[in-house]
Amino acid sequence: MKKRSEKQQDLDNLKTELARVSTVILTTFQGITVENDTKLRRAVQAAGGKYRVVKNTLAERAGAGTPTEKLLKDLKGTNSIAYSEHDPVALAKALTKIAKDVPAFQFKAGLVEGRVISIAEIQQLANLPSKEELLSKIMFLLNAPAQRIAMALNGLPRNLAITVSEAIKANKFASSGASAGDAGSGEKKSEPAPEAVPAGTTEASTEKGQ
């Protein structure tokens, strides 16, 4: 049994970590085997995140005063959390893959950029391109003409965290494939060119016919 000082240290460490993270996904682990638990932890670590089983009281106390407070309040049952300071899409992809292979591992809710999201939104988040995929597209386009690169970059988010946050706030995950150039382009429509005068017609002949 842990000493009081050790419990306080665990609380302080978790609180510090939760204060820094941008993404937290609340899950349940009941019935998961040791082998699958090991795979899960490795997958989360590879995605740049951390995974830990938490006691409900510890999670609630650690989340108090942090962006995760709403997510970790009044927890019931057995709970675990996966969290990351980095790419939320990479974390969601890793957990979604595990959830498909391990039925005992299930999502409860999530939090991205301070907003609590549903299970359906976590799955939609996992379908977005990751930061690595976006960078890969940019590298591929380096061999393309400059104009093509500019057009492609206009359609890519400059900051993934901001893009995901705004998408969640507007509940636009389902329409994430919309073209970035469809709205707010600010381009003016070109005016129609003046009607051309038939070849061979002079000003004098025009005036004569009036």
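Looking only at side-chain heavy atoms (C-beta outward), Thr28 and Phe107 stay at 4.5 Å or farther from each other. Contact check for Asn79 versus Thr27: no side-chain heavy atoms found under the 4.5 Å cut-off. Ile119 is not listed as a side-chain neighbour of Lys108, based on a closest heavy-atom distance of 4.5 Å or more. Considering only heavy atoms from C-beta on, Phe29 comes within 4.5 Å of Thr78 through its side chain. Annotation: side chain of Leu125 is in contact with side chain of Leu128 (closest heavy-atom distance under 4.5 Å). Residues Ile81 and Arg52 are in side-chain contact: their nearest non-hydrogen atoms beyond the backbone lie under 4.5 Å apart. Side-chain contact between Lys97 and Asp101 is present, with heavy atoms from C-beta onward closer than 4.5 Å. Tyr83 places a side-chain heavy atom less than 4.5 Å from the side chain of Leu14.
Interatomic distance, Leu26 CG to Leu71 CG, rounded to the nearest 0.5 Å: 5.0 Å. In this structure, the separation between OG on Ser84 and CD1 on Ile25 is 9.5 Å, given to the nearest 0.5 Å. A distance of 7.0 Å separates OG1 of Thr66 from CG of Leu72, quoted to the nearest 0.5 Å. Here Asp10 contributes atom CG and Gln8 contributes atom CD; the two are 9.5 Å apart, rounded to the nearest 0.5 Å.
Although no hydrogens or angles enter the test, the distance criterion places a donor-acceptor pair under 3.5 Å between the side chain of Lys15 and the main chain of Ala64. The backbone N or O of Glu121 sits less than 3.5 Å from a side-chain atom of Ser118, completing a donor-acceptor pair.
Summarising the local packing, CD of Gln45 is surrounded by 12 or fewer heavy atoms from other residues, nucleotides or ligands at distances under 6.0 Å.
No donor-acceptor contact under 3.5 angstrom links the side chains of Asn127 and Gln123, judged on distance only.
For Arg41, the salt bridge (Lys or Arg N to Asp or Glu O under 4.0 Å) test picks out Asp37, with sequence neighbours left out. Legend: residues meeting side-chain hydrogen bond (donor to acceptor under 3.5 Å, both in side chains) with Thr23, ordered by chain and number and at least two apart, are absent. For Lys93, there are no salt bridge (Lys or Arg N to Asp or Glu O under 4.0 Å) partners two or more places apart in sequence or in a different chain. Residues passing the side-chain hydrogen bond (donor to acceptor under 3.5 Å, both in side chains) test with Thr33 are Asn36, sequence neighbours excluded. Applying the salt bridge (Lys or Arg N to Asp or Glu O under 4.0 Å) criterion to Glu60, with sequence neighbours excluded, gives no partner residue.
Closest of all the heavy-atom pairs between Ala94 and Ala43 is CB-O, 3.8 Å. Shown here for Ala59 and Leu75, the closest heavy-atom pair between the two residues is CB-CD1, 3.8 Å. In this structure, Gly63 and Thr68 approach most closely via the heavy-atom pair CA-OG1, 3.4 Å. When all heavy atoms of Gly110 and Ile122 are compared, the pair lying nearest together is N-CD1, 3.8 Å. The minimum heavy-atom distance between Pro67 and Gly114, with the atom names listed, is CB-CA, 4.5 Å. In this structure, Ala82 and Leu91 approach most closely via the heavy-atom pair O-CD2, 3.9 Å.
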Test side chain to side chain donor-acceptor pair (under 3.5 Å) applied to Asn13 and Gln9, step by step: CA-CA 6 Å; Asn13 290 341; Gln9 186 64 45; 3.0 Å; yes
side-chain contact (heavy atoms from CB on, under 4.5 Å) between Leu40 and Val102, worked out: CA-CA 9 Å; Leu40 170 60; Val102 184; over 6 Å; no
Val21/Leu111 under side-chain contact (heavy atoms from CB on, under 4.5 Å): CA gap, chis, key distance, verdict: CA-CA 10 Å; Val21 299; Leu111 181 138; over 6 Å; no
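Residues in residues 69-80 take part in no salt bridge (Lys or Arg N to Asp or Glu O under 4.0 Å) pair, two or more places apart or across chains.
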